Each structure stands twice: as structure tokens, then as C-alpha cells.
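These notes are about the structure you will find just below.
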Amino acid sequence: MYAKCGSLDSARNVFMGMPRRDVISWNAVISACTLNGHREEALDFFDRMHGEGFKPDEVTFVCALDACASLAAIEKGIEVHAAIVESGYEDHMIVATSLVKMYGKCGKLDDARSVFNRMPKRNKISWSAMMSACNQNACPKEALNLFTEMQHNRIEQDQVAFVCALDACAILADLEQGHKIHAAIVREGYEDHVVVGNALVNMYGKCRSLEDARNVFQRMPYRDVISWNAIIAVCSQNVQSRLALDLYDQMRREGFKPGAVTFVCALEACASLVDLEKGQEIHGAIVHGGCDGEIIVGTALINMYGKCGILEDARNVFNRMVCRDVVSWSAMIAACVLNNDAKKALDLFNQMQCNGFMPDQFTFACALDACASLAALEKGQEIHAATIKAQCEGQVVVATALVNMYGKCGSLEDARNVFDHMPHRNLVCWNAIIAACARNGHGIEAIELFKHMQCCGFKPDGATFLSLLAACSHSGTVDEARHFFKSMTEHHGLTQNVEHYLCLIDILGRAGHLKDAEDFINDMPYEKETRVWLSLLWHCQIHGDMERGIRAARHALNSDPRNATAYVLLSNIYAEAGTREA
DNA sequence: TTAGGGTTAG
């Protein structure tokens, strides 16, 4: 009773004061500890019980396994498994199901599978435990196969089985399969179940179908905080951050109390919108709601302040954190890199290791970014060696960061070497190697890689074309640059942004095609930024085109009347014209 | 006194 009322102390006191105890009293205290989140203590009681000569029964084992699962304590879990085999409980359905869950949570899918396959009797709960283990261990296809097998074996598919199936579709981003399972949910009458609704919202979000996700959310007859968290996260993940923040406000108006996860999702939206004001407001709500001690909230705040350019506030949050982990350290390192303090980033990278945290793939990637922005080749090589030691160098984020680092440090051969040895590649690393070639003056190689990338089935994005234009700028092929620029819209369904325009203006300018550059600026479909005119002005000065230079300067000063660069360039033009006349 | 499910940070 005490345990269920949340009073572990009273439960423990009653247990300690008992003149005689039996297995049931031990089970009760172990279960009380687990129920109140004291998993280590539960395992201590499990050991003491053993030591005092009591024989654990199926209930004891289930409670102990639950504690191991929550702690991801695999060694202890294996020990409990051995005791189960010794006591002859391995064939007990509930015990075996708990073993499946424990192995799944500890990342041991093979062991979960072998327990499941050896079970003499299974019910729907055992099946969904196995599906869940597959989802947690990157085998969503296997989870869906189990779901189908359940049907063949005429095992009842209840709401939990459907939720596991939806989860698998979410991981696979398989919208078609998700729609089919949604239809089956409606057929079976589970659509009003709140957890099913939440899983549907999440699945549609992960499948990039925001419209479906919003429809499900709007039709939900009951919602809880997780439903709101899910829809806010989905909007933020699908480039609808403003909408995410509107929903955050709406949630509060409707009387739901935001929790740590809500704050994390809302802060992510502020970060991508660079909305400092809203971020600060949410920071206030976090303190008010007593969530500021949560590690994920602290990390999300560091990220938000970092992306909003307020490194000092990110630092303050980081310094005040009671508890830190690899993710929060990496967030702080990333914030420094983003705000041009790469030296501090590398200091933190060292400090983190002195504090006993092992860098993971993301930390290495941040540290390598820091080296890249400092062009610190030696430090980059040192970190490269550390990634090899940590067996991280093949991971796509690390390898991409290495390609980028070597590219920016002028060591194209090393960049190419890392790229060629990558076991898996994505668009980002293709862009990194193309950019590395372009930056180091290997324009032809960049264009060859671009063709190769398409042969491998990757579709270029805006960043790819920016690098290609940079490549053309080095090799001086104006026609090729024009071709790439045009093909963005004509063949690849992309829209050019101001960076693409600037790049082409630069290429035209360098080649002395000043009239083309000017026409091109005039044809730009959106507002001309000062730097566009400055670029033209610069090239006019180089080529001594006074008339056009003056026009460009006028435009530049029109949009920014106090622009010093414009005055300097313009006076250079006058001076040069004067010299020539004299 | 015992088993499965939904949101989340770099």
C-alpha cells in the first residue's frame, strides 16, 4: 500500500521492522523500490534476499529483470538470467517475456530473440515485447514481420501491438505501410485510444506527412501531455516551427502543464527560428515549472542560446547544470563552434575528457569542426587518431567532419582518402568532398564527383550547387557555371538563394563579363542585398569600368547609406580613372 | 508482490 502511495520510506520501514519475512514480503519491498524508481536498491534487496537464504520465485525475477531493464544493466541481467535457469523458471511465460524486454532494453537483440524463440508458450504480450525489442535495436522490418506472423498465428492484436507496428513504420519512414496499419486500427476500433493516437501522430510526422499528423491530432477525442508533445515535435521536425510554438501556447491555454519534453520540443522550434525572445520566455516557464534541473532541458537551452548567438547565456546554463552528460558537453562545444569561438570549443573538448566523459561521434564531429574553422591541421590529425582509437572514424558524421576538416586545412588528399574509405555515404558527405575539391582548386574533380554522386542515386541540394559554382569559379568556366545555375531550377526542382547569385556574380565579374553580371543582378527575383552590389562594384574596380561601378555604388549606398566598403571601392575607381587620364 | 506500447536534448 505504502509503495503504491509513493511512500517508499514507509514501505521500507515496515519491511525492516517485520519480525518474520517470507518470499512475498521480499517481493513486495523489491517491487516497491522499482515502482518508486529506486532500481539499484531493488537489486540490492534481490541480492540480500538471496544471501539470507530465500529462494526467489517468478515474481522476484520479474521485478529484478524490470530493474535491470530500466538501468540497462546487462551484466546484472545476465546474472539474474542464470539464476532463473538454475531455478527452473526459464519456461515461465511472464518471466521469459521480462527477459525479452530486459535484453531488448540492454541492446542485446540476439539474446532477446533466442529467449523468445525458445518460449514454449507465448501470448500477445510476449509478441509485442519482442516487436518492441526489434524497434529499439534498429530492426523495424523484423518487428513488422512479427506483426504479420501474429496474424498468421491468430494471436490477438491489441492496441499495444498496433502501437509497436506504428513505431516500426515511423523508424522506417514507411508512409504506405503506416497508412495500412492506420486503416486496420480504425477497423479494429482502436483509433480513440490515446496512446494509439500519439503513436499515429508520431508515425505521420516521421514519415513527413504533417497533414496526416495534424488530422489525427485534431480528431483525437482525448489528449494528454504526450499528445501535445508529439504534435509540437512533429511540427518542429517538419519545418513548421512557428506552428509548433503556436501549439505550445494553445496547449497551455487549454490547461495542460508542459513537462520537460514539451520544453525541449518548444526550445528546438525557437532555435530553428532563431527566436531569442520566445526562447527566453520559455526559459522563464522552465524555471517556474521546476524543470531547470533536467539534463535534456539544460541541453536544449544551451542549443537554443547557441543558435540564437548568445554564447554567454549558453555558457551560464552549462555552468549551472548539476548533472551533465556527453550530449550536454557536445551541445556546449557546438555552441562555441557556431559562435566563432573554436579555441574555447577545443578547450571544452579536453575538459570534457578530463571530467571522465568519452567523446562520441557527435562530440568528435564538433571538435573536428572547430579544427576546420581554425585550419588547425595538427590538432585535426590528433583528433582523427582519437576517432580511430574510439572506432568512430567510419561513422558518417565523423567521416564527413574529417572530410570537411581536411578540406578546410588544405589537405585534399587526406579528405579524399577518408571519403574513399567511408563504408556508408549520405548527401552531406558528398557535399563535403565536392566542397573540399572546390575549395582547393580541383574544379574538374569536383564536377566528376558530382556526376558520380548522381550515378549513386543521390539528389543534389542547394549546398551541392554552391560548391559546384565555387568549383567553376576556380577553374574559370563561365559557361559551365551558368549551366549549373540554370539546371538547379530546370532539372533539379531547386530554388537559388542569394549565395548562389553571389557566386555566379563573382564568376561573371572575374571573367570580366560585367554587363552580364549587372543584368543578372537586375533580374534577381528578390530584394538585392548590399553585398550583391558590392560584389559588382569590386569587379568594376578591378576591370576599371567606372560607369558601371558608379551605378553599382549608388545601388549599394541606396540600400546601406553608411556602407564604408562602398565608399572605399568607389574612391578607388575615381582614383584609378584619374591616374589613367593623367 | 509479476510481463508488452506513445513524446524528448548535441
Side-chain angles (χ1 to χ4, degrees), chain A residues 3-4 11 22-32 34-35 56-66 69 89 92-102 104 122-133 135-136 158-167 170 190 193-203 205 224-234 236-237 258-268 271 294-304 306-307 324-335 337-338 359-366 397:
Chain A
K4 289 202 172 156
D22 59 9
V23 176
I24 297 178
S25 25
W26 282 98
N27 290 349
V29 77
I30 293 170
S31 161
T34 317
L35 203 64
D57 66 2
E58 76 271 23
V59 179
T60 329
F61 286 128
V62 167
C63 294
L65 287 171
D66 193 38
Y89 279 108
H92 189 286
M93 187 164 61
I94 300 178
V95 173
T97 303
S98 298
L99 276 167
V100 170
K101 177 188 172 184
M102 183 276 291
R122 306 177 192 129
N123 64 2
K124 61 179 182 183
I125 301 181
S126 334
W127 281 84
S128 29
M130 191 60 224
M131 284 175 73
S132 179
N135 284 337
Q136 280 157 10
D158 63 2
Q159 71 275 21
V160 181
F162 278 113
V163 167
C164 293
L166 289 172
D167 218 20
Y190 289 120
H193 195 289
V194 66
V195 180
V196 173
N198 296 347
L200 277 167
V201 169
N202 177 54
M203 181 275 291
D224 61 10
V225 175
I226 298 183
S227 325
W228 286 95
N229 293 349
I231 193 68
I232 292 169
V234 159
S236 175
Q237 286 154 6
V261 178
T262 323
F263 291 129
V264 167
C265 299
L267 286 171
E268 176 61 41
E294 299 244 9
I295 197 160
I296 53 168
V297 174
T299 307
L301 279 167
I302 293 169
N303 180 49
M304 182 276 291
K307 298 253 167 79
R324 297 187 192 121
D325 63 8
V326 191
V327 186
S328 37
W329 277 95
S330 309
M332 194 57 231
I333 295 169
V337 177
L338 192 66
D360 68 5
Q361 48 172 333
F362 295 102
T363 334
F364 278 127
C366 293
V397 283

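Every value quoted in this text rests on a predicted model; they were computed, and no experiment measured them. Just so we're on the same page: letters track the sequence lines, and every chain starts at 1.
- Note: CE (Met304(A)) to C1' (dT8(B)) measures 16 Å, nearest angstrom.
- Under 4.0 angstrom from either OP1 or OP2 of dA3(B) there lies no side-chain N or O belonging to Lys101(A).
- Looking at Ser328(A) and Asp325(A), their side chains do bring a donor and an acceptor atom within 3.5 Å of each other.
- We find that NZ of Lys307(A) is positioned 11 Å from P of dA9(B), with the value rounded to whole Å.
- With hydrogens and angles ignored, no donor-acceptor pair closer than 3.5 Å exists between the side chain of Asp158(A) and the base of dG5(B).
- Here the side chains of Ile30(A) and Thr60(A) are in contact, with some heavy-atom distance below 4.5 Å.
- With sequence neighbours excluded, the residues satisfying side-chain contact (heavy atoms from CB on, under 4.5 Å) with Ala129(A) are Thr97(A), Val100(A).
- Remark: Tyr89(A) pairs with Phe61(A) by the ring pair (Phe, Tyr, Trp, His ring centres under 6.0 Å) rule, at least two apart or across chains.
- Remark: the Thr299(A) side chain and the dA9(B) base include a donor-acceptor N/O pair separated by less than 3.5 Å.
- If you check every strand for non-hydrogen atoms under 4.0 Å, Val264(A) touches sugar and phosphate atoms only.
- Across all strands, Glu294(A) comes closer than 4.0 Å to no nucleic acid atom at all (heavy-atom distances).
- In this entry the distance linking CG of Asn135(A) with C1' of dG4(B) reads 12 Å, nearest Å.
- With rounding to whole Å, Phe162(A) atom CZ is found 17 Å from dG5(B) atom P.
- In terms of polar N and O atoms assigned as donor or acceptor, the side chain of Asp66(A) never comes within less than 3.5 Å of the base of dA3(B) in a complementary pairing.
- Considering only the side chain of Val196(A), dG5(B) comes nearest among dA3(B), dT8(B), dG5(B).
- Thr363(A) contributes a side-chain N or O that forms a donor-acceptor pair with the base of dG10(B) under 3.5 Å.
- Base engagement by Val326(A) is indicated by at least one non-hydrogen atom pair under 4.0 Å involving a base atom.
- Residue contacts for Gln237(A): at a heavy-atom cut-off of 4.0 Å it reaches the sugar-phosphate backbone alone, with no base atom in range.
- For the pair Cys63(A) and Asn27(A), the minimum side-chain heavy-atom distance is 4.5 Å or more.
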